[in-house]
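From a predicted model like this one, the values you see are computed outputs, not experimental measurements.
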Amino acid sequence: MAATAKLAAGGVEEAAAEEEPRVLEPGAAPYGNFPHYSRFHPPELRLRLLPPELLRRLFPPERSEAGPILGLDVGCNSGDLSVALYKHFFSLHDDETCSDASRELRLLCCDIDPVLVERAAKQCPFPDALTFITLDFMNQRTRKVLLSSFLRQFGRSVFDIGFCMSITMWIHLNHGDCGLREFLAHLSSSCHYLLVEPQPWKCYRAAARRLRKLGLHDFDHFHSLAIRGDMASQIVHILTQDHGMELVCCFGNTSWDRSLLLFRAKHAIETHQSLNH
């Protein structure tokens with residue numbers, strides 16, 4: 001997720017001109033806005049941990065009168081994982097489209113990098129179901145306007161489910177402990193369910209090391225972070241103890257050692273179906 005201030009201010013054309021150096025030096029993307037992220041963390045290696053029927057378990061067909069399931073994907077990058085999640089939950093193959101599925105799930109996908117968002121929108125095979133927008137999620141005013149605008153289209157005030165896949169570290173490194181807490185607080189108040197893939201602490205050290213190797217400034221908050229160590233446990237603690245969510249299920253770890261954690265807001269509808277069976 002996220003992009004440099006230069007990307008945010010310079011517009012798509014200037015950013016596009018700089019895209020090639022970013023490909024050559026992925027460590028120079030201090031906000032996680034890697035141009036070809038899915039090449040080294042393929043979506044299918046995450047998806048094999050998630051049951052395809054997950055959404056239908058959480059939101060059974062009898063709730064259909066409430067309208068489509070509304071999802072929020074924060075830090076969507078170029079959309080590869082967003083599209084893969086959509087296909088996975090509706091068991092679609094690469095050459096398939098499903099008009100019914102777009103009525104069941106509408107996914108708002110956001111990233112701060114306008115180049116990646118533009119690429120995602122152009123390449124998306126499901127434009128009726130997936131909406132891609134440029135958004136700095138830590139800009140409270142812009143966030144409120146854009147998310148509320150999407151939700152109002154469906155007469156809703158919160159999302160059914162949020163996806164936060166390998167984003168927490170970038171928020172944490174660039175906005176500090178307070179920023180991470182604010183980020184998780186907003187997600188927990190905006191979503192009935194939340195699927196989180198936290199980066200472990202070793203990824204923080206690796207990200208800082210890449211910047212130093214390239215002769216760039218270190219992350220402003222790296223050395224002052226008090227929230228550190230077992231980051232999955234830290235995030236579980238923040239969401240459950242501070243923000244009224246409960247941990248429903250851990251789907252296991254990816255091959256790059258990141259947990260997939262599903263949380264539910266205490267006010268979310270009970271489904272009466274175990275996710276472990």
Side-chain angles (χ1 to χ4, degrees), residues 1-4 7-8 11-13 15-16 18-20 22-23 26 29 31-50 52 54-55 68-99 101-102 104-137 142-143 146-147 149-150 153 159-171 187 191 194-197 199 254 256 258 260:
M1 174 179 170
T4 60
L7 273 174
V12 172
E13 291 185 2
E18 295 186 352
E19 184 170 2
E20 189 61 27
R22 291 163 60 209
V23 173
Y31 294 83
N33 51 315
F34 301 105
H36 299 288
Y37 176 78
S38 63
R39 291 182 182 176
F40 48 96
H41 287 326
E44 58 270 18
L45 298 185
R46 286 182 173 101
L47 299 181
R48 67 186 183 187
L49 298 175
L50 296 174
L54 176 63
L55 292 189
I69 300 165
L70 299 185
L72 174 66
D73 183 11
V74 182
C76 64
N77 198 268
S78 56
D80 294 333
L81 181 57
S82 310
V83 170
L85 283 167
Y86 185 78
K87 289 181 178 179
H88 182 69
F89 290 137
F90 292 100
S91 301
L92 301 176
H93 299 293
D94 288 342
D95 57 347
E96 284 186 294
T97 61
C98 180
S99 58
S102 66
E104 292 185 58
L105 172 66
R106 294 295 300 273
L107 193 57
L108 179 64
C109 312
C110 60
D111 198 282
I112 201 173
D113 189 326
V115 174
L116 296 178
V117 170
E118 182 182 37
R119 180 187 302 163
K122 284 182 177 179
Q123 297 178 350
C124 179
F126 308 107
D128 293 337
L130 278 66
T131 301
F132 292 92
I133 61 171
T134 302
L135 170 63
D136 177 354
F137 203 82
T142 305
R143 179 180 69 202
L146 293 179
L147 299 192
S149 175
F150 180 84
Q153 297 177 51
F159 290 89
D160 292 301
I161 186 166
F163 299 95
C164 179
M165 311 296 279
S166 286
I167 302 305
T168 51
M169 179 184 74
W170 303 110
I171 297 293
L187 283 179
C191 304
L194 187 58
L195 185 67
V196 185
E197 181 193 40
Q199 290 104 320
T254 64
W256 50 93
R258 299 183 194 177
L260 288 178

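- Across all their heavy atoms, P68 and D160 have their closest contact at O-OD2, 3.8 Å.
- In this structure, the side chains of L260 and M165 come closer than 4.5 Å at one or more pairs of heavy atoms.
- Distance CZ/F90 to CG/L55: 6.0 Å, rounded to 0.5 Å.
- With a 4.5 Å cut-off on side-chain heavy atoms, L147 and L135 count as touching.
- With contacts defined as side-chain heavy-atom distances shorter than 4.5 Å, the pair L70/L108 does not qualify.
- When all heavy atoms of T134 and P114 are compared, the pair lying nearest together is OG1-CA, 3.6 Å.
- One distance of note links CG of L187 with CD1 of I171; it measures 8.5 Å at 0.5 Å rounding.
- Atoms CG and CG, on D113 and N77 in that order, are 7.5 Å from each other to the nearest 0.5 Å.
- Contact annotation: the side chain of V117 never approaches that of I133 to less than 4.5 Å [non-hydrogen atoms, C-beta and beyond].
- Here the CG atom belonging to L130 is positioned 4.5 Å from the SG atom belonging to C124, to the nearest 0.5 angstrom.
- Atom CG in L146 sits 11.5 Å away from atom OG1 in T131 (nearest 0.5 Å).
- A donor-acceptor contact shorter than 3.5 Å links the side chain of Q199 to the backbone of S166.
- Contact of the T142 side chain with the D136 side chain is not registered, since no non-hydrogen atoms from C-beta on lie closer than 4.5 Å.
- Looking at F89 and L85, their side chains come closer than 4.5 Å, going by heavy atoms from C-beta outward.
- In this pair, F126 and Y86 present their aromatic rings tilted. The plane angle is within the 30 to 60° band.
- Residues F137 and L72 have side chains in contact (heavy-atom distance under 4.5 Å, counting atoms from C-beta outward).
- One N or O on the side chain of H88 and one on the backbone of L50 form a donor-acceptor pair closer than 3.5 Å.
- For E44 and R48, the salt-bridge test fails: no basic side-chain N is under 4.0 Å from an acidic carboxylate O.
- Taking SG from C76 and CG from L116, the interatomic distance works out to 8.0 Å, rounded to the nearest 0.5 Å.
- Using a 4.5 Å heavy-atom threshold, the side chains of W256 and E197 count as touching.
- For the pair D73 (side chain) and C109 (backbone), a donor-acceptor distance under 3.5 Å is absent.
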